[in-house]
There are 2 protein chains.
Amino acid sequence: MAVGVGQVTALESGEAPFDAALAARICWYYFKEGQTQDAIAQRLGLTRKRVNRMLSDARDTGLVQITIAGPVAPCVALECRLVERFGLREAVVVPSPAEGTDVRSVVGAAAGWWISERLPPSGSLGINWGGTIHAAAQNLARRVGQGNTVVLLCGGLAESTAINPYDNAASFARALDATCYYVTAPMYTETQALRDALVESDPVRRVLAMVETLDLALMSAIDLTARSKALEYGVISRDLWRSLREAGAVGEICGHYLDPAGRPVDHPIADRTIRPHLDALRRVPQRVLAAGGRHKAPVIRAAIAAGLVHVLITDEAAAQNLLR
Amino acid sequence: MAVGVGQVTALESGEAPFDAALAARICWYYFKEGQTQDAIAQRLGLTRKRVNRMLSDARDTGLVQITIAGPVAPCVALECRLVERFGLREAVVVPSPAEGTDVRSVVGAAAGWWISERLPPSGSLGINWGGTIHAAAQNLARRVGQGNTVVLLCGGLAESTAINPYDNAASFARALDATCYYVTAPMYTETQALRDALVESDPVRRVLAMVETLDLALMSAIDLTARSKALEYGVISRDLWRSLREAGAVGEICGHYLDPAGRPVDHPIADRTIRPHLDALRRVPQRVLAAGGRHKAPVIRAAIAAGLVHVLITDEAAAQNLLR
DNA sequence: CGGCCGAAGACACATATGTGACGCAGGCGG
DNA sequence: CCGCCTGCGTCACATATGTGTCTTCGGCCG
C-alpha cells in the first residue's frame, strides 16, 4: 500500500499510487483468490462497478499479466520452420486471433514477454512505434532500478493518437524503470533541408547515434497494403502510399522503405525521414521484429532479406504466408 | 465461422490426450484475446462445458499463470498469507523503505489511512505511543465534529521528545476533532507504591477504565532488540533493557512485556508500569497493531499470540520474517 | 452377450460480469 | 451566482460463467 509517505497525506500525494495499490489488491483478490467482484467490492467498501472497471483497467495497462506456459504445438512447429527457412536466431508464433480482431495486441503481448525475458539488466533497448509496440509495452514485466535504457528510434507524431511514438517509449521506460531518449523531431519533415538541419542538430544527432550502443532493438513494420494501419491513421497520406507502392516499396521499418527483396527503394520521402542509418541498425547485436497479420508477410520477408531480423515475433497467419 | 488453417490441423490430428496444445490454445483465446468460452467452443468444435473445464484445469495446473505487476503486488500476497497464517481479520503490508530509512513513517502512514477509513463516527479510539503512531497522526484524514474520542493508553514522558505520548494523543485529537483523555501519570514510576497510588487516583483510574469503552485500539510495539528505538531514545535504560531480555521479554505493548509466546514476563518493572489491564485490552472490539521493520517480527508474533491483534499493519520485511 | 461404469454432452439454472441509462454532486467558466 | 459538464454511483438488464443433474455412448468385465 503506497499510502502517503512521511508527512504527506494520501490525498496530498495524489491518487495515483493509492489507486495502483488498490488495483493490485483487487487483482489479487480476483485472480489469485478467485473472489467475486461483488465480494471484493463489499470487502473494500467499493461499488461493484468500480471494482469491475479497475479490473479491466488493470488488464489494459498490464498490471495483471497472464502468461500461458505450455507450448502451443502448431505454433511451435511454425517457429521451427521459420527459424530454419530464414536462418533466424529465434521465432515466436502466436495463434492468430479471430477474423476481424486486432492481431497487434497478441503479437505485441508476445513481444513484451520476449523482451522481459531477454533484455539484460542494464541493457539498452531501441524501439520504434506502432500498435504492436504499444501492446508490447503493456505486457512488460516490471523492473526496478536495473539501469535499463530505452531509445526511441523514430521521430514523433504531432497529432497525438493512441499509439504516439513518444507515448510508446514512455510506456517502455516506465515499465522498465529505464532512462528514456526521445528523438525530438517529427517522423518526417516537409523539406529535405529541414531534415538535414534536424539530424545535424545536437539532440537529434545524439539520440540517433545511440543506436550504435543498443543491445536490443524491438521493431515493428509498416505494411503498404490496403489494410495498412499507417494509412488508416493518416500517418501516411494516400498520395504518399500510392507513390511508395509505385516505387516498389512493400513496407517500412524504422524509416526505411524496402522493396520485396529488402533493398531501400528510391523515393523522395527517404530524404525527408528522420531515422537511424540502415547500417547502424544492422549493427545492433539483437534485432527483433514484431509484426503479425497475413498482410504483413511481404514486409516481414523484406525485413528479413534486409538483414534486420534476428528474432521474428509474429502470428500463425503471417507465419504460414511467409512459409508459402 | 471461419476456422484458421492451424486450428483445422490441430483438430484433424485429433490428439486423444488433448495435449497441452489444445488447452494452451483455448487459454490463449480466452485470456489473451478475451473471447467468450462459447465462441471458443464453436470455433474449435467443442462444447462450452469442455472449454470451461479445460480453462479451470489450466488454472489449477498452472498452465496459465497470472501475475500481478507493480511494486505493491508482493505486499498484497503477504497480506493474504498473514491473514491466513495468524487468523487475523485483516493485514496491511506496505513496501519496506530503502535500507537505513525509517520504516515507521510508512507503516504509520498506512495506519493513519486505515484508521481514517475505519474509525466510525462518534467512535472511541485508544492509542499508545511511538514513532509509528506519531506518523499515523500525521496521516489522518481530518474530521470535524463527529464526536470522536481519543484515549491515551499509556503514561507520559517527562522529557519531551519528538514522539511524546501526550503529543501523539493531541495530534490524533486535533486531526479527528476529538475529545482527548490523557493518563496524567508517567509511563512508569520509581516505586510500586507510587504506581499503586496513581492508578487508584481518580483521574488515572477513570482514564484507564475507558479502555473498556473503546471501539478501536491502535497500538505500536516496542521491540527489545539492539535496534530498539526505546533504547535509543533512552525511554528504556540499558540496564532495564538487559534485565528484560534476561527475563525473556521480546517486546512491550501498552506496558505489557511479553515473551515470545505472548505471555507476560515476570519482571519488577511490571509492578511499576501504569497501563491498562491486559484482559481489558483484549476486550477492545477491534485491535490494530502497527509495527514495521524486521526486528519487530518477534514482538509482533508475541502480540498476536497474546490475542492483542485483529488487524496487523506492517511492512514487507517484517511480514516476511513473520511468515518464516 | 449383456450389464456396469465412467466419461462427456445436453440441458437448466443460479450467479457473476459487463454495459448502458439515468441522476446526483462538485468543479468550472461565463 | 448560475448553468454546464464531467465523473461517479445506482439501477437494470443482457450475457457469460460455473455447476448441477440427467442422459447417452462406448469400453470393459463377468
Side-chain angles (χ1 to χ4, degrees), chain A residues 9-66 68 97-102 105 138 160 162, chain B residues 1 3 7 10-66 68 113 116-117 121 141-146:
Chain A
T9 69
L11 277 182
E12 282 165 357
S13 72
E15 295 299 321
F18 178 74
D19 275 0
L22 183 59
R25 180 181 301 262
I26 289 172
C27 287
W28 184 271
Y29 290 154
Y30 187 74
F31 290 108
K32 294 288 186 182
E33 292 194 355
Q35 302 247 333
T36 178
Q37 295 182 3
D38 225 342
I40 296 169
Q42 274 193 306
R43 197 162 152 189
L44 298 179
L46 303 169
T47 60
R48 185 175 69 82
K49 174 144 189 144
R50 192 165 176 69
V51 171
N52 187 296
R53 205 159 57 79
M54 294 193 83
L55 280 169
S56 52
D57 283 354
R59 259 181 290 223
D60 293 345
T61 61
L63 179 64
V64 290
Q65 294 178 0
I66 301 175
I68 297 166
E99 200 65 29
T101 61
D102 192 356
S105 60
Q138 315 305 138
S160 174
Chain B
M1 178 64 59
V3 176
Q7 294 138 32
L11 277 182
E12 285 173 349
S13 65
E15 324 276 286
F18 62 91
D19 268 355
L22 181 57
R25 184 174 292 271
I26 289 172
C27 289
W28 187 275
Y29 289 150
Y30 187 73
F31 290 109
K32 295 287 184 183
E33 294 182 25
Q35 302 252 319
T36 178
Q37 295 181 4
D38 227 343
I40 296 169
Q42 275 194 303
R43 206 165 139 186
L44 298 178
L46 304 168
T47 62
R48 184 174 70 83
K49 172 143 191 152
R50 191 164 173 68
V51 171
N52 186 296
R53 207 158 60 79
M54 294 191 83
L55 280 170
S56 53
D57 283 354
R59 257 184 290 221
D60 294 343
T61 60
L63 179 63
V64 290
Q65 289 165 0
I66 300 177
I68 298 167
W113 163 78
S116 293
E117 291 285 314
R142 297 295 184 274
R143 297 191 178 192
V144 177
Q146 294 190 354

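Keep in mind it's a predicted model, so treat the numbers as computed, not measured. Throughout, a chain's letter reflects where its sequence line sits, starting with A, and its residues are numbered from 1. Values below: every heavy atom of this structure, side chains too, minus hydrogens, waters and symmetry copies.
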Interatomic distance, A:Met54 CE vs C:dG18 P [rounded to whole Å]: 15 Å
Using whole Å, what does the distance between atom C1' of nucleotide C:dA14 and atom CG of A:Asp38 come to? 14 Å
For atom OH of A:Tyr30 and atom C1' of C:dT15, their distance in whole Å: 12 Å
More 5' along DNA chain C: A:Lys49 or A:Thr36, using each one's nearest nucleotide? A:Thr36
Nearest-Å distance, CZ (A:Arg53) to C1' (D:dG7)? 8 Å
Sub-3.5 Å donor-acceptor pair from the side chain of A:Arg48 to the main-chain atoms of A:Thr36, do we have one? no
Would you kindly give the CD1-to-P distance between B:Ile40 and D:dT17, to the nearest whole Å? 8 Å
N or O in side chain of B:Gln37 less than 4.0 angstrom from D:dG18 OP1/OP2: yes
Which nucleotide in the set D:dC8, D:dA16, D:dG18 lies at the smallest distance from any side-chain heavy atom of B:Asn52? D:dG18
Given atom CZ of B:Phe31 and atom P of C:dT17, what is their separation to the nearest angstrom? 13 Å
CZ on B:Arg43 to CZ on B:Arg25, rounded to 0.5 Å: 8.5 Å
Nearest-Å distance for atom pair CG/P, residues B:Leu44 and C:dA8: 17 Å
Find the distance between CG (A:Leu46) and CZ (A:Arg53) and round it off to the nearest 0.5 Å. 11.0 Å
At 4.0 Å (heavy atoms only), tell me whether B:Arg48 reaches a base, stays on the sugar-phosphate, or touches nothing. base
Give a yes or no on whether the backbone of A:Ser105 and the side-chain of B:Lys32 come within a donor-acceptor separation of less than 3.5 Å. no
Nearest-neighbour nucleotide for the B:Arg50 side chain, D:dC8, C:dG18, C:dG9 considered: C:dG9
